[in-house]
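First the structure, in the form of structure tokens, and then the observations on it.
Starting from 1, each residue takes its place in the sequence as its number.
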Amino acid sequence: MKNVLRERKTPHHEEYETIDRRTLPAEAAAAVLCSAGEIAVTLDRSGSTAMRRTLCDPELIRLVDTHADALPATVRTALRPPETSAGAAIIGRLPVLDGELGPTPPDWRHAAESARSASFRLDIAMLLLARCAGEPFGWQGQQGGRLVNNILPTPGHEQEQSGASSTTLLSPHTEDAFHPDRAHLLLLGCLRNPDRVGTTVSSIRQVELGPERRRRLTEPTLPILPDVSYGADFGDHRPTPVATIGAGEHGATLRYDPAYTPLDDADPEYRCAYDDLGAELERVCRRAVLEPGELLLVDNDVVVHGRVPFTPRYDGTDRWLKRVNIRLSRRRAPAEAAESGYGQRTVRPFRVNTAAAPGITHR
């Protein structure tokens with residue numbers, strides 16, 4: 001693929017000054033983990049297990065809302081949407097102890113199995129943090145509808161364009177770019193990263209394109225298809241062309257996933273504009289190397305993210321991240337409401353407490 005970030009051109013850790021760095025004070029981080037532990041104990045005592053693996057248990061949702069409201073104000077301050085031109089913030093950190101985690105699971109299903117593990121308590125901690133930022137949600141067709149996804153290398157998936165890959169470059173993309181109800185914010189939490197594998201981020205706010213190239217990319221020309229983690233059966237839902245560059249309340253927005261965009265169907269002029277955008281995203285790329293306990297908060301309307309290749313060990317010590325999708329009461333283009341989203345539906349147990357963004361129909 002021509003327009004993807006190449007590892008040899010990805011800036012090193014010390015070069016990404018424009019990514020906002022925020023501090024989660026130690027007492028606030030401790031309060032988050034303490035609340036997560038209290039919620040886990042309460043659930044264990046109540047025997048409330050019906051929807052534990054998806055984290056949609058009504059009692060869990062109620063407890064997360066209650067405890068999130070009681071967390072220090074500094075947690076919400078740290079989890080506010082990114083404000084710099086980079087559209088991303090690194091937040092440090094939760095006190096994650098490697099010895100308490102157990103081995104990195106071989107896939108997301110194993111990671112979701114235990115309701116008494118440190119991983120489960122960190123799932124709750126991620127939900128508390130995400131709830132302080134907005135509305136956490138999941139997808140029925142991804143990782144069994146879980147609200148917190150586990151991102152780890154999985155045998156047999158090394159070369160695919162998904163979070164389960166490893167030895168191939170995960171090309172820069174808007175998370176769930178195919179869907180009108182995609183996240184506004186993406187929260188990644190690092191549990192383990194012994195090889196200092198970098199997460200790449202590139203912002204449309206830092207891209208320079210000629211007016212004609214930019215104009216072409218604002219035209220709905222090509223569809224974006226669902227990624228492989230959603231399967232391959234999308235029924236009779238017809239692909240809908242979408243605009244790559246849009247206009248938001250605070251400037252340009254980006255909807256980009258070259259791995260799942262049929263670029264061969266476009267005319268040469270459009271492909272040239274798309275290639276130029278890819279080159280610019282490579283030029284402005286920054287690499288975030290997360291340490292255990294650090295969080296990466298990404299504005300999914302502004303930033304594309306990816307991951308450099310690495311060699312998995314499959315010995316229980318591999319990189320392990322957790323991911324939460326977050327919605328805000330933020331307006332998107334009204335035309336998106338008419339898109340089918342290929343029949344993919346969101347899981348929104350918190351929705352009753354959060355105002356929906358105007359002009360968006362939830363599926």
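Using a distance-only test at 3.5 Å, with no hydrogens or angles considered, no donor-acceptor pair links the side chain of Arg93 to the main chain of Ile91. Judged purely by atom type and a 3.5 angstrom limit, Thr174 uses its side chain to pair as donor or acceptor with the backbone of Tyr256. Judged purely by atom type and a 3.5 angstrom limit, His173 uses its side chain to pair as donor or acceptor with the backbone of His305.
With hydrogens and angles left out, the side-chain atoms of Thr240 and Glu339 include no donor and acceptor closer than 3.5 Å. Side chains of Asn150 and Lys322: a donor on one and an acceptor on the other come within 3.5 Å. There is no side-chain donor-acceptor pair under 3.5 Å between Arg255 and Thr261.
Under the side chain to side chain contact (heavy atoms under 4.5 Å, CB included) rule, Cys132 has a single partner from Asp69, Val75, Val32, Leu127, which is Val75. Each of Arg327, Glu175, Arg332 was compared with Arg182 under the side chain to side chain contact (heavy atoms under 4.5 Å, CB included) criterion, and only Arg332 meets it.
Side-chain contact between Leu185 and Val324: absent, with no pair of heavy atoms (C-beta onward) separated by less than 4.5 Å. Using a 4.5 Å cut-off on side-chain heavy atoms (C-beta onward), Leu254 and Leu277 make contact. Looking only at side-chain heavy atoms (C-beta outward), Leu122 and Trp320 stay at 4.5 Å or farther from each other.
Residues Ile151 and Val228 are members of separate hydrophobic clusters, defined by side-chain heavy-atom contacts under 4.5 angstrom among Ile, Leu, Val, Met, Phe, Trp and Tyr.
Classification of the Phe178-Trp139 ring pair by plane angle, with boundaries at 30° and 60°, yields tilted.
Taking Ile, Leu, Val, Met, Phe, Trp and Tyr as hydrophobic and joining them when side-chain heavy atoms fall under 4.5 Å apart, one finds Tyr314 isolated, its cluster having no other members.
Annotation for His237: atom NE2 counts as buried by contact number, over 12 foreign heavy atoms lying within 6.0 Å.
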